Structure formats: C-alpha cells, structure tokens
Amino acid sequence: MKDKVITSLLLLIMFLNFRDVMVDLSLNVPTSHIIEESMIVLLAGLMAVYLIFDMRRRTRKTKLLLAELNTANARLSSMNNKLRNVKAQYLHEVENQFNDWSLTPSEKEVALFMLKGLSTQEIAAARNTKEKTVRQQASAVYAKSQLDGRYALAAWFFEDILQQEDKAA
C-alpha cells in the first residue's frame with residue numbers, strides 16, 4: 001500500500017512539473033530553469049516506473065512463495081495423516097500382542113506406560129495406584145511375555161519396526 005501511495009505521489013509530481021515546464025516554455029523562461037524542472041519530471045517518472053516494476057516483481061515472488069507454502073502444507077498434512085494411520089496400526093498391533101500374552105486390562109495399561117518410557121513412580125501417579133502395585137503388574141507383564149524387563153519389552157516392539165525398515169531398504 002505504501003509503495004502505491006509513493007508511486008502515485010511521484011506520478012503526480014511528474015505531471016504537475018510537466019505542466020509547469022509547458023507553461024514555462026510558453027513564457028520564455030530561461031533554459032536552465034526548464035532543464036531543472038525537466039530533470040525533476042524525468043527523475044519522478046523513472047522512480048515511479050522503477051517502483052511499479054519492483055511491486056510487480058515482489059507480487060510475483062509472493063505468489064510463488066504462497067504456492068510453495070500451500071504445497072508444503074499439503075505435503076505436511078498428508079504426512080500427518082500417514083503418521084496418524086501408522087500410529088493407529090502400531091497401537092493395534094501392540095494391543096494384539098498384549099492380548100496374545102493374555103494381559104489383564106491393568107497389565108496392558110502398565111505395559112503401555114512402560115513402552116512410553118514412564119518410571120514406576122510416574123505410572124503409579126498416572127494410574128492413582130501404589131508403586132508396589134505397578135511393580136507387581138510389571139512383573140506379571142514380564143512373566144507373561146517371557147521378557148526380562150522394561151528394556152526388553154520396549155526392544156521387543158521396536159525390533160519389529162527395525163526389521164520392517166531393513167526389509168524395505
């Protein structure tokens with residue numbers, strides 16, 4: 001907006017000085033004065049033309065950037081949707097494995113919290129239970145899954161992901 005105002009003012013200055021030059025020519029004003037005012041007309045015109053071309057260039061650049069941004073947003077949205085789908089599939093597979101191990105709902109919840117990396121104390125706080133209860137449920141998860149501990153539990157699920165990536169590569 002500011003550029004348009006400045007351009008309009010330059011064109012107005014150019015027009016008014018051009019009219020003054022025409023009047024000065026008819027009044028036989030000294031040539032040096034006419035040259036000075038003609039220079040003002042020329043400079044104002046050149047600056048106005050420069051600003052017009054610059055505004056057009058910036059408008060084209062802005063449109064290109066906007067198109068790139070829209071493309072990037074569309075790709076990001078697509079990736080987010082894919083990630084949501086993969087997450088849902090992964091959680092479904094985790095749930096299936098918990099069912100295969102015959103975990104109780106409480107053991108499933110504790111196992112899921114362990115997979116998320118929460119400590120025994122954090123799990124107890126999140127479930128509003130005692131740490132001893134969480135430790136007992138965790139021990140039941142390890143026994144039913146035949147795994148040695150929380151790292152083995154996490155590795156069991158993580159290893160499947162890595163094996164899938166190895167096959168894809």
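Just so it is clear, the structure is predicted and the values come from calculations on it, not from any experiment. By convention here, the first residue in the shown sequence is residue 1.
- Leu9 contributes atom CG, which lies 10.5 Å from atom CG of Leu16 (distance to the nearest 0.5 angstrom).
- Residue Tyr90 is grouped with residue Leu112 when hydrophobic side chains (ILVMFWY) are merged at heavy-atom distances under 4.5 angstrom, including chains of intermediate members.
- Side-chain contact check for Arg84 and Gln89: no donor-acceptor pair (N or O, by modelled atom type) lies under 3.5 Å.
- With sequence neighbours excluded, the residues satisfying side-chain contact (heavy atoms from CB on, under 4.5 Å) with Arg58 are Asp3, Asp54, Met55.
- Within the model, atoms OH of Tyr50 and OG1 of Thr7 stand 11.0 Å from one another, a figure rounded to the nearest 0.5 Å.
- Rounded to the nearest 0.5 angstrom, Lys130 NZ and Thr120 OG1 are separated by 16.0 Å.
- For the pair Ser77 (side chain) and Asn73 (backbone), a donor-acceptor distance under 3.5 Å is absent.
- Closest heavy-atom contact between Ala111 and Phe98: CB-CZ, 3.5 Å.
- When every heavy atom of Tyr142 is checked against every heavy atom of Gly149, the shortest pair comes out as CE2-C, 3.3 Å.
- Taking all atoms of both residues into account, the shortest heavy-atom contact from Ile123 to Val110 is CD1-O, 4.1 Å.
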For residues 33-45, run the donor-acceptor check on the side chains, cut-off 3.5 Å, and write out each pair with its distance to 0.1 Å, sequence neighbours left out.
unit_1	atom_1	unit_2	atom_2	d
His33	NE2	Asp24	OD2	3.1
His33	NE2	Glu37	OE2	2.9
Ser38	OG	Ile34	O	2.8

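- By the neighbour-count criterion of 12 heavy atoms within 6.0 Å, atom CG of Asp148 is sparsely surrounded, having that number or fewer from other residues, nucleotides or ligands.
- Taking hydrophobic clusters as Ile, Leu, Val, Met, Phe, Trp and Tyr residues chained together by side-chain heavy-atom distances below 4.5 Å, Trp101 shares a cluster with Leu91.
- A donor-acceptor contact shorter than 3.5 Å is absent between the side chain of Lys108 and the backbone of Glu95.
- Of the inter-residue distances, the one linking Thr31 atom OG1 with Leu25 atom CG reads 9.0 Å to the nearest 0.5 angstrom.
- Under the 4.5 Å side-chain heavy-atom criterion for ILVMFWY residues, no single connected hydrophobic cluster contains both Met47 and Ile52.
- Counting only heavy atoms from C-beta outward, the side chains of Trp156 and Gln97 approach each other to under 4.5 Å.
- For the pair Ala48 and Leu11, the tightest heavy-atom approach, listed with the atom from each and the gap, is CB-CD2, 3.6 Å.
- Enclosure of atom CZ in Phe18 is not indicated, since only 12 or fewer non-hydrogen atoms of other residues, nucleotides or ligands lie within 6.0 angstrom.
- Taking all atoms of both residues into account, the shortest heavy-atom contact from Glu122 to Ser119 is OE1-N, 2.7 Å.
- Criterion: ILVMFWY side-chain heavy atoms under 4.5 Å apart, direct or through other members. Under it, Val21 and Leu10 are not part of a common hydrophobic cluster.
- Shortest non-hydrogen contact noted between Ser102 and Lys144 is O-NZ, 3.0 Å.
- Although no hydrogens or angles enter the test, the distance criterion places a donor-acceptor pair under 3.5 Å between the side chain of Arg150 and the main chain of Leu118.
- Atom NZ of Lys87 is separated from atom NE2 of His92 by 16.0 Å, given to the nearest 0.5 angstrom.
- Ser78 places no side-chain N or O within 3.5 Å of a backbone atom of Ala74 that could act as its donor or acceptor partner.
- Placement of Phe15 and Val49 in two distinct hydrophobic clusters is found when ILVMFWY residues are connected by side-chain heavy-atom separations under 4.5 Å, directly or transitively.
- A distance of 12.5 Å separates CD in Glu109 from CG in Leu103, rounded to the nearest 0.5 Å.
- Side-chain atoms of Phe157 and Leu153, non-hydrogen and from C-beta on, do get closer than 4.5 Å to each other.
- Using a 4.5 Å heavy-atom threshold, the side chains of Glu68 and Leu65 count as touching.
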(request) Evaluate side chain to side chain contact (heavy atoms under 4.5 Å, CB included) for Arg127 paired with Gln137, printing each intermediate quantity in order. (result) CA-CA 12 Å; Arg127 296 188 66 238; Gln137 291 167 331; 2.7 Å; yes

